[in-house]
Amino acid sequence: MSRPKEGAVSRRTAMGVVGAGAAVGVLTTARDAHAFRVLRSPEVTPVERTIPTFCELCFWNCGVLADASNNRVLALRGHPDSPTAKGRLCGRGNAGAGFLRDPDRLKYPMVRVGERGEGKFKRVGWKTAYQMVARAFDKIKKEHGAKALALFYHGSGGPMLRNMLVAYGSPNYAAPSYAQCRGPRDVGYKLTIGRGPGSPEPLDFDKTQCIVLFGSHLGENAHNSQVQEFVQARARGASLIVLDPRMSTVASKADVWLPLKTGSDTAILLSWMHLLIANDTYHHTFVENQCTGFERLAEHVKPFTPSWAAQQADVPAEDIVKAYELMVKAMPAVVVHPGRHVTWYGEADTQRARAQAILSALLGAIWAPGGLYRPAPPPALKDFPSPDFPELPANVDKAASRFPFATEVSTTGIRDATRTGVPYPIKGWFVHGSNLIQSLPNQHETIEAIRSLDMLVVTDIQPTEITDWADVVFPEDNYLERYDDLKTGGNLRPYIAIRQPVVRSPYDTRPAWRIAKELGTELGVGDFFAFDTFEEYLSARLDGSGVTLAELKEKGIYFPQSKVEPYLDPQKPFAWQTPSGKVELFSKSLAEAGFDPMPVHKPPPDPPKGMLRLTYGRSPLHTFGRTQNNDILHDLNPGNCVWLHPMCAASLGVQHGKPVFVQNAYGDVTGPMPARVTERIRPQTVYMIHGFGHSAKGLSNACCMGGSDAELIRGYQVDGISGSTGMRTEFVKITPADGGKEKYPCAMG
Ligand SMILES: Nc1nc2c(c(=O)[nH]1)N[C@H]1C(S)=C(S)[C@@H](COP(=O)(O)OP(=O)(O)OC[C@H]3O[C@@H](n4cnc5c(=O)[nH]c(N)nc54)[C@H](O)[C@@H]3O)O[C@H]1N2
Ligand SMILES: Nc1nc2c(c(=O)[nH]1)N[C@H]1C(S)=C(S)[C@@H](COP(=O)(O)OP(=O)(O)OC[C@H]3O[C@@H](n4cnc5c(=O)[nH]c(N)nc54)[C@H](O)[C@@H]3O)O[C@H]1N2
Ligand code: SF4
Ligand SMILES: [Mo]
């Protein structure tokens with residue numbers, strides 16, 4: 001499978017080229033070439049047709065208008081009506097067509113011929129591949145029950161495959177986008193206000209007067225419409241408070257930047273609650289009519305003064321007070337961003353999310369103009385007619401009586417069951433659009449689990465680390481080549497959007513819905529996919545929605561009428577979906593389950609001498625580890641660096657721009673990658689962009705460029721409340737790479 005592409009560079013040669021001082025030249029040439037391609041193509045090739053669809057480079061799923069001609073995509077543009085695109089695409093979305101021409105693409109089904117993990121495969125036909133998988137799954141089902149099969153998924157094809165798994169009888173489906181991403185936030189908000197914030201987060205940027213961000217590095221985290229709306233709010237004069245140990249792009253624009261010690265956000269949140277109550281500036285109408293537990297909260301936060309928090313977080317107390325004053329001036333029009341990637345420190349994460357929700361409540365900023373608005377649900381669509389799904393046994397987490405408040409199954413819980421056989425064995429994995437080697441903490445445990453499987457099937461579009469470990473590989477059509485299930489969105493303007501083919505795949509690839517139907521048929525659950533064409537399926541789902549398939553294919557997006565009022569009158573009773581029917585400042589459910597009923601600050605341990613805390617984040621030009629091989633994005637941002645403070649760099653003998661290795665306490669090493677020595681990060685902390693440092697040799701652009709945070713995150717912390725894993729729990733040391741005498745630029749993060 002792995003075949004070096006002409007001009008491909010290994011980590012070693014890249015360092016060499018760069019070391020010779022040629023990197024700027026290399027980059028400039030590549031960029032110019034790219035700009036030339038983009039400028040030139042519409043002139044030489046007239047647009048034949050424009051097809052609306054939506055983007056899959058990340059899960060903001062922006063509406064797209066795709067210009068095409070002769071089975072070629074000429075340009076991708078933001079759909080003007082799409083609430084997540086607002087007429088624009090981000091840098092990644094614009095580059096979507098780069099995947100189509102990628103010579104590294106997966107082109108046909110394959111079965112393993114080498115050892116597991118070697119990435120050696122032979123081509124087979126679809127029928128053979130399906131039969132191999134079905135035989136293995138049927139054997140597992142016979143020996144251990146259907147629950148011994150698990151699905152890991154991310155992306156638009158996932159729900160069809162989930163239907164297949166559930167029809168077959170397994171409850172074990174999970175996504176890293178829960179347990180390694182938003183799990184603690186969804187659970188923390190649900191416990192407090194009765195529901196998670198959802199996606200997109202319902203932030204009323206149009207009316208806000210003040211924005212508070214915890215991490216949430218908007219601009220680097222490039223969720224398209226959220227960034228546009230944020231920029232407009234700032235331009236209108238909304239104030240901005242950012243808590244981040246790093247001067248992120250957005251922190252550099254803040255009125256108050258709190259460069260706090262990692263893991264100390266809850267201390268600052270508690271001190272703001274203290275100030276709001278001690279100064280009697282909290283929103284009386286909201287608290288008295290909507291909340292329960294105020295007296296206990298008031299007692300609880302008495303000791304948490306700004307000077308206490310300043311000590312905990314190592315930031316000036318005056319700045320904590322200044323931020324508080326900005327919030328009070330703006331309330332209730334304060335957006336307290338609930339965050340998205342919040343799996344940082346384990347149980348403290350759900351408690352921090354509770355503290356954010358409680359702060360919003362004290363500001364009266366829930367379902368309020370300029371705060372969080374009340375999102376309307378997405379339009380309900382008909383289910384395609386199918387038999388009843390079977391009754392499912394308890395999933396691994398329920399069977400093990402863990403994570404009482406989890407809203408989804410945990411990926412790591414499935415992995416543990418696979419490794420240990422407890423609470424019951426898992427013997428087959430189906431992985432779809434999820435690179436578990438890069439996205440789950442502790443690669444050793446993932447590999448140990450994979451080694452104990454009878455069958456690992458992976459659906460992907462390119463040869464990544466997880467496909468290298470597969471027994472059978474199903475190549476998926478690219479998102480510009482396929483239908484997926486309908487996309488529905490809620491919030492201010494509920495909509496229905498369509499993903500439809502713009503071009504045909506030149507290879508023997510298939511869409512997820514077809515894989516689910518065809519493999520499902522081999523597994524004996526074909527009745528659940530009783531449609532001949534996908535148009536038939538989509539038409540049936542749209543029946544009664546107010547739009548036909550033909551209309552949706554033409555326009556791309558449809559807005560049914562919605563009557564949900566986005567704002568609440570804080571004086572009137574409202575049925576919060578919590579056990580008490582109120583916003584729960586004190587959570588009886590948490591207390592009864594043995595957890596802190598009100599947030600407390602439990603600082604994570606300090607790094608031992610000579611080591612630094614590893615943190616990570618996003619590049620605006622990449623999505624996780626999905627996009628590094630896309631030639632356009634690779635041209636623009638080929639690698640990452642490790643950020644560290646000049647004081648730490650001096651004591652470690654590390655120099656700016658020179659290559660280093662990064663190593664954890666267990667001896668796992670990543671790199672070499674350039675050091676970015678900068679005062680924009682706190683001492684004791686290092687930072688790198690996630691998604692680089694690929695080891696899959698079939699990715700000829702991406703392989704071995706930069707370093708991988710995933711290679712270092714081993715000692716994760718499980719959150720007993722939500723089942724998520726805190727991943728900022730790792731300490732690392734940094735050593736100069738041998739022979740790295742030359743400097744090379746570190747312009748893009
Ligand atoms: N371009 C691009 N955009 C994306 C994505 C992508 O892959 N690429 N992914 C999307 C997805 S799925 C997600 S979940 C989001 C993730 O993006 P976010 O939700 O914004 O992720 P965070 O972890 O909150 O933000 C990272 C920031 O947290 C800071 N940080 C580290 N430790 C601490 C701490 O203890 N306290 C505080 N306050 N800050 C800390 C880091 O310095 C960094 O600036 O991005 C989304 N947007
Ligand atoms: N160390 C570390 N771990 C993290 C994070 C981090 O910042 N650092 N971030 C966490 C967060 S916020 C999230 S949401 C998760 C995300 O984690 P995952 O959902 O696992 O995302 P990726 O790791 O990008 O894996 C995506 C895989 O899908 C493939 N793919 C891309 N497009 C398609 C397609 O159209 N069809 C199919 N079938 N496959 C496709 C890619 O080639 C890649 O192999 O990771 C979490 N894990
Ligand atoms: S934010 Fe960017 S990558 Fe994500 S869906 Fe929108 S255009 Fe695509
Ligand atoms: Mo995420």
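Starting from 1, each residue takes its place in the sequence as its number. Worth saying up front: this structure is predicted, and the values here are computed from it rather than measured. When a ligand or atom number is given, it counts from 1 through the structure's own listing order. Note that these values count all heavy atoms, side chains included, but never hydrogens, waters or copies made by symmetry.
For atom 1 (N) of ligand 2, the closest non-hydrogen atom of the protein is D709 OD2, 3.1 Å. The nearest protein atom to atom 14 (S) of ligand 2, hydrogens excluded, is given as F624 CZ, 3.4 Å; this is a heavy-atom distance. Closest to atom 45 (O) of ligand 2, if we only count protein heavy atoms, is S439 CB, 3.4 Å. Remark: minimum distance from atom 41 (C) of ligand 2 to any protein heavy atom is reached at D460 OD1, 3.4 Å. Nearest protein heavy-atom contact of atom 36 (N) of ligand 2 is E476 OE1, 2.7 Å.
Ligand 1 lies out of reach of C58, whose nearest heavy atom is not under 4.0 Å from it. Ligand 1 has no atom lying under 4.0 Å from any heavy atom of F59.
Taking the six-membered ring where tryptophan is involved, the planes of F230 and F205 are perpendicular, since the angle between them exceeds 60° and thus also 30°. Between W126 and F474, the angle of the ring planes stays under 30°, which puts this pair in the parallel group of the 30/60° scheme.
Considering both main-chain and side-chain atoms, Y616 never comes within under 3.5 Å of ligand 1 through any nitrogen or oxygen pair. Of the N or O atoms in E220, one or more lie within a sub-3.5 Å distance of an N or O in ligand 1. Considering backbone and side-chain atoms together, D265 places an N or O closer than 3.5 Å to an N or O of ligand 1. For ligand 1, the polar-atom distance check finds no N/O of G339 at less than 3.5 Å from any of the ligand's N/O atoms. At a 3.5 angstrom cut-off on N or O pairs, L243 counts as close to ligand 1. Between Y687 and ligand 1, a contact under 3.5 Å exists for no N or O pair.
Under the 3.5 Å distance criterion, with hydrogens and angles disregarded, a donor-acceptor pair is assigned to the side chains of E465 and N435. No side-chain N or O of H154 forms a donor-acceptor pair with one of S434 less than 3.5 Å apart. Under the 3.5 Å distance criterion, with hydrogens and angles disregarded, no donor-acceptor pair is assigned to the side chains of T467 and D460.
Counting heavy atoms closer than 4.0 Å to ligand 1, residue C90 contributes nothing at all. Contacts between P620 and ligand 1, counted as non-hydrogen atom pairs separated by less than 4.0 Å, involve the backbone only.
Contact atoms of ligand 2 toward C181: 11 (C), 12 (S), 14 (S) (distance under 4.0 Å to a heavy atom of the residue). Listed by number with element, the atoms of ligand 2 under 4.0 Å from a non-hydrogen atom of T464 are 42 (O), 44 (O). Of all atoms in ligand 1, listed by their number and element, those nearer than 4.0 Å to a heavy atom of T623 are 6 (C), 7 (O), 8 (N).
By the 4.5 Å heavy-atom criterion applied to side chains, M688 and M673 are counted as neighbours.
Nearest-heavy-atom check against atom 10 (C) of ligand 1 across R626, H223, R728, R613 picks out H223. When R182, Q180, R618 are ranked by how near their heavy atoms come to atom 9 (N) of ligand 2, first place goes to R618. Around atom 3 (N) of ligand 1, the closest heavy atom drawn from S619, P604, S264, A222 belongs to A222. Which of H694, R482, E481 comes nearest to atom 35 (O) of ligand 2 through a heavy atom is settled by distance: it is R482.
In this structure, T411 and F152 approach most closely via the heavy-atom pair O-CE2, 3.8 Å.
Centroid-to-centroid, the aromatic rings of Y173 and F430 stay 6.0 Å apart or farther. Between H622 and F692, the distance separating the two ring centers is shorter than 6.0 angstrom.
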